[in-house]
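Comments concern the structure below.
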Amino acid sequence: MPRDHIDWTPAPGTSTEQPRQVRRILRLFKPYRARLAVVGLLVGASSLVTVATPFLLKETLDVAIPEGRTGLLTLLALGMILSAVLTGIFGVLQTLISTTVGQRVMHDLRTAVYGRLQRMSLAFFTRTRTGEVQSRIANDIGGMQATVTSTATSLVSNLTSVVATIVAMIALDWRLTVVSLLLLPVFVWISRRVGNERKKITTQRQKQMAAMAATVTESLSVSGILLGRTMGRSDSLTRSFSDESESLVDLEVRSNMAGRWRMAVIGIVMSAMPAFIYWTAGIALQSGGPDISIGTIVAFVSLQQGLFRPAVSLLSTGVQIQTSLALFQRIFEYLDLPIDITEREDPVHLDRVKGEVRLENVEFRYDAEGDQRGPVLDGIDIDVPAGSSLAVVGPTGAGKSTLGYLVPRLYDVTGGRVTLDGVDVRDLDFDTLARAIGVVSQETYLFHASVADNLRFAKPDATEEELEQAARAAQIHDHIASLPDGYDTVVGERGHRFSGGEKQRLAIARTILRDPPVLILDEATSALDTRTEHAVQQAIDALSANRTTLTIAHRLSTIRGADQIVVLDSGRVAERGTHEELLAQEGRYAELVRRDARLEPVRDDAQLEPTS
């Protein structure tokens with residue numbers, strides 16, 4: 001079921017208000033109301049069949065056996081057998097349909113949360129732990145499985161059974177019914193108390209599970225293992241994980257034992273009710289009370305026993321729903337996250353992009369309302385003609401990377417505008433931006449998949465010949481061909497089977513395959529030694545040909561041939577011009593060049609990164 005068919009809009013008011021949250025949960029099942037209607041019919045039919053059995057039993061004991069009516073006895077026995085068969089068939093069918101509906105709702109929730117997160121700005125992921133995000137999708141949604149797959153059906157089934165059974169009990173003897181139901185309000189009150197208690201514990205448990213997931217994600221990644229081993233913190237990390245796991249053990253025990261004694265008392269009382277009914281009927285008969293037949297008593301006890309299972313299940317379902325509300329609340333928190341970067345209703349689509357980029361009086365703050373630090377970028381005016389190259393340099397924290405991320409809308413400006421071919425990037429559709437702008441950053445990300453799969457992430461239908469052409473242009477084909485499995489070689493977690501320079505060249509090959517007219521290079525060679533940088537720079541030169549290129553540079557040797565160099569300082573343009581013009585000014589750029597020259601001999605002597 002497409003996500004657009006579901007009303008994901010949060011209910012008015014605060015989502016933590018239970019009645020509104022319940023209504024919102026019910027809306028999840030709206031696309032499947034036809035199937036649920038079938039389940040309701042099956043539940044009703046099953047309840048009627050089940051309730052009919054005690055009446056057949058009453059006729060058997062009061063009429064068929066005492067009067068020796070063999071034919072009637074046979075029909076009543078066949079009726080009981082048919083009742084059991086129909087109950088089994090109806091139960092299987094309703095389980096199939098309800099489980100299917102529940103799993104579809106789970107799928108809708110997972111897809112909705114994942115899609116929502118895909119639309120979040122880069123700022124969200126810089127302040128949120130990866131393990132926390134994974135826990136919401138895996139643990140929280142997974143924890144709701146029992147609720148969404150069986151609770152709705154169980155609720156309807158048990159409620160129908162309880163109502164039908166009570167009606168049948170009243171039809172048999174209203175006085176015994178009153179005696180049987182005297183404690184029911186007390187049981188309902190106890191179950192609600194237990195449910196509220198478990199809901200609070202569940203919230204704490206899910207937070208603890210999210211913290212554990214974050215710890216595992218960070219410490220058991222390749223980078224985390226390297227850091228832990230080299231810092232001698234493996235034992236400390238294990239102890240820390242053990243402490244978090246111990247806290248989870250306590251919460252799990254508390255969650256499972258919350259109200260367990262109270263629910264056990266309910267079960268004991270309801271199990272003892274038949275004995276109480278027999279005692280009440282016997283006392284009534286001995287004291288000259290109303291005449292109650294043996295068949296009526298047996299049938300009534302059978303109904304009362306039949307009432308026990310759905311009533312206890314109904315109370316348990318109420319507890320389970322209370323517990324699941326905590327999980328739904330955590331999921332709805334993610335579904336309600338405000339999306340900072342959205343596509344306008346009638347976006348501009350460009351079939352052909354020339355690549356002219358302009359930044360007009362651009363201002364950017366990470367938190368437009370509450371940031372007390374001032375703007376990261378302020379009053380930026382830069383014009384990059386199509387096919388030309390711009391280099392942005394400056395000290396750490398000057399806003400260089402942020403400026404580069406504004407062009408592909410990884411962030412949105414908080415003042416001024418950024419245009420592509422004269423169109424504000426906020427007015428362009430996402431497809432145009434993705435096709436038009438390629439980014440190669442210092443931190444290369446490769447999937448745990450083959451080299452070919454990593455390259456085809458940019459162009460899923462790329463042929464083997466296109467892969468090889470891109471790899472040759474990126475100066476990496478020969479190395480890939482020398483591997484035993486060639487392009488089928490699995491790169492490992494985050495590409496750790498390859499050196500830094502090889503990963504960068506794979507990232508460049510991936511971008512070449514996409515062939516964007518605008519290229520952003522975010523310090524793509526700053527972490528490499530000089531000789532590896534030279535090889536990567538050759539690949540970058542091949543990639544940059546005939547494209548509009550914005551290079552965020554830390555090492556100035558890579559940008560001397562840029563058509564325009566901009567020096568940022570504290571978020572403002574301090575200088576601009578060509579390499580020669582800026583050197584002649586003897587300003588900040590000239591100072592950066594001299595600093596770079598002093599550091600260059602150190603880099604030349606640096607040990608080359610090992611290759612796999």
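Bear in mind the structure is a predicted one, so any value in this text is a computation, not a measurement.
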Legend entry - Shortest non-hydrogen contact from E356 toward D383: OE2-OD1, 4.1 Å
Inset, instruction - Examine distances only and state if a side-chain atom of S482 and a backbone atom of H479 form a donor-acceptor pair shorter than 3.5 Å. - result: yes
Inset, instruction - Could you please spell out the steps behind the side chain to side chain contact (heavy atoms under 4.5 Å, CB included) verdict for V593 and L583? - result: CA-CA 8 Å; V593 170; L583 280 180; 4.0 Å; yes
Inset, instruction - Could you tell me whether a side-chain N or O of R505 sits under 3.5 Å from a main-chain N or O of Q475, the two making a donor and an acceptor? - result: yes
Legend entry - Test item: F364 and D378 side chains (from C-beta on) under 4.5 Å apart, heavy atoms: no
Inset, instruction - Evaluate the side-chain proximity of L550 to V392: yes if any heavy-atom separation is below 4.5 Å, no if none is. - result: no
Inset, instruction - Indicate yes or no for a side-chain donor-acceptor contact from K400 to the backbone of G394 under 3.5 Å, with no hydrogens or angles considered. - result: yes
Inset, instruction - Compare all side-chain heavy atoms of P347 with those of D427 and state whether any distance is below 4.5 angstrom. - result: no
Inset, instruction - Apply the test salt bridge (Lys or Arg N to Asp or Glu O under 4.0 Å) to residues E363 and R572: give CA-CA distance (whole Å), side-chain angles for both, the deciding distance (0.1 Å), then the verdict. - result: CA-CA 10 Å; E363 177 194 271; R572 292 179 174 273; over 6 Å; no
Inset, instruction - Give a yes or no answer on whether the side chain of S389 reaches the backbone of D563 with a donor-acceptor pair at less than 3.5 Å. - result: yes
Legend entry - Exercise: identify the closest heavy-atom pair between T511 and G438: CG2-CA, 4.3 Å
Inset, instruction - Could you tell me the separation between the CD1 atom of I382 and the CG atom of L568, rounded to the nearest 0.5 Å? - result: 6.5 Å
Legend entry - Electrostatic pair R344-D346, nearest N-O below 4.0 angstrom: yes
Legend entry - Heavy-atom pair with the smallest gap, counting every atom of Y589 and E575: N-OE1, 3.1 Å
Legend entry - Interatomic spacing from CD1 in I520 to CD1 in I552 - rounded to 0.5 Å: 7.5 Å
Legend entry - CG-OG1 distance between L377 and T414, expressed to the nearest 0.5 angstrom: 8.5 Å
Legend entry - Spacing of I480 atom CD1 and Y487 atom OH [to the nearest 0.5 Å]: 4.5 Å
Legend entry - Side-chain donor-acceptor contact under 3.5 Å, S401 with D522: yes
Legend entry - Ionic contact status for D515 with R435, cut-off 4.0 Å: no
Legend entry - Lys NZ or Arg CZ of R24 over F328 ring: under 6.0 Å, within 45°: no
Legend entry - I341 vs R119, side chain to side chain contact (heavy atoms under 4.5 Å, CB included): CA-CA, chis, key distance, verdict: CA-CA 7 Å; I341 298 177; R119 298 170 64 194; over 6 Å; no
Legend entry - Residues, nucleotides or ligands: over 12 heavy atoms within 6.0 Å of Y114 OH: no
Legend entry - Side chain proximity check, L582 to Q585, heavy atoms < 4.5 angstrom: yes
Inset, instruction - Could you grab the distance from atom OG1 of T549 to atom CG of L521, nearest 0.5 Å is fine? - result: 6.5 Å
Inset, instruction - Find out whether H579 and I565 are in side-chain contact, i.e. whether some heavy atom of one side chain is under 4.5 Å from a heavy atom of the other. - result: yes
Legend entry - Check: N454 side chain, S450 main-chain N or O, donor-acceptor pair, under 3.5 Å: yes
Inset, instruction - Could you give me the CA-CA distance, side-chain angles and deciding distance for V573 and I380, then say whether side chain to side chain contact (heavy atoms under 4.5 Å, CB included) is met? - result: CA-CA 6 Å; V573 176; I380 305 295; 3.8 Å; yes
Inset, instruction - Answer yes or no: are there more than 12 heavy-atom neighbours, outside K459 itself, under 6.0 Å from its atom NZ? - result: yes
Inset, instruction - Using modelled atom types only, decide if a donor and an acceptor are shared between the side chain of D485 and the backbone of D488 within a distance under 3.5 Å. - result: no
Inset, instruction - Grab the two heavy atoms, one from A574 and one from R588, that are nearest each other, plus how far apart they are. - result: CB-NH1, 3.7 Å
Legend entry - Heavy-atom closest pair, residues L109 and L335: CD2-CD1, 4.3 Å
Inset, instruction - Working to the nearest 0.5 Å, report the span between CG of D424 and CG of L428. - result: 7.5 Å
Legend entry - Lys/Arg N to Asp/Glu carboxylate O, D412 vs R409, below 4.0 Å: yes
Legend entry - L483 side chain near F498 side chain, heavy-atom distance below 4.5 Å: yes
Inset, instruction - State whether the side chain of R514 and the backbone N or O of A434 hold a donor-acceptor pair below 3.5 Å, judged by distance alone. - result: yes
Inset, instruction - Could you tell me whether N546 atom CG has more than 12 heavy atoms of other residues or ligands within 6.0 Å of it? - result: no
Legend entry - Minimum heavy-atom distance L433-V425, with the two atoms named: CD1-O, 3.9 Å
Legend entry - Test item: E468 side-chain N/O and E465 main-chain N/O as donor-acceptor pair under 3.5 Å: no
Legend entry - Close side-chain approach of R510 to I508, heavy-atom, < 4.5 Å: no
Inset, instruction - Give the intermediate values and the outcome of side-chain hydrogen bond (donor to acceptor under 3.5 Å, both in side chains) for residues T432 and D429. - result: CA-CA 6 Å; T432 296; D429 62 7; 2.5 Å; yes
Legend entry - Side chains of R576 and V567 in contact at under 4.5 Å (non-hydrogen atoms): no
Inset, instruction - Using atom types as modelled and distance alone, determine if a side-chain donor or acceptor of E343 lies under 3.5 Å from a backbone N or O of F430. - result: yes
Legend entry - Q564/V566 under side chain to side chain contact (heavy atoms under 4.5 Å, CB included): CA gap, chis, key distance, verdict: CA-CA 7 Å; Q564 180 184 182; V566 168; 4.0 Å; yes
Legend entry - Expected output: side-chain S388 to main-chain V384 donor-acceptor under 3.5 Å: no
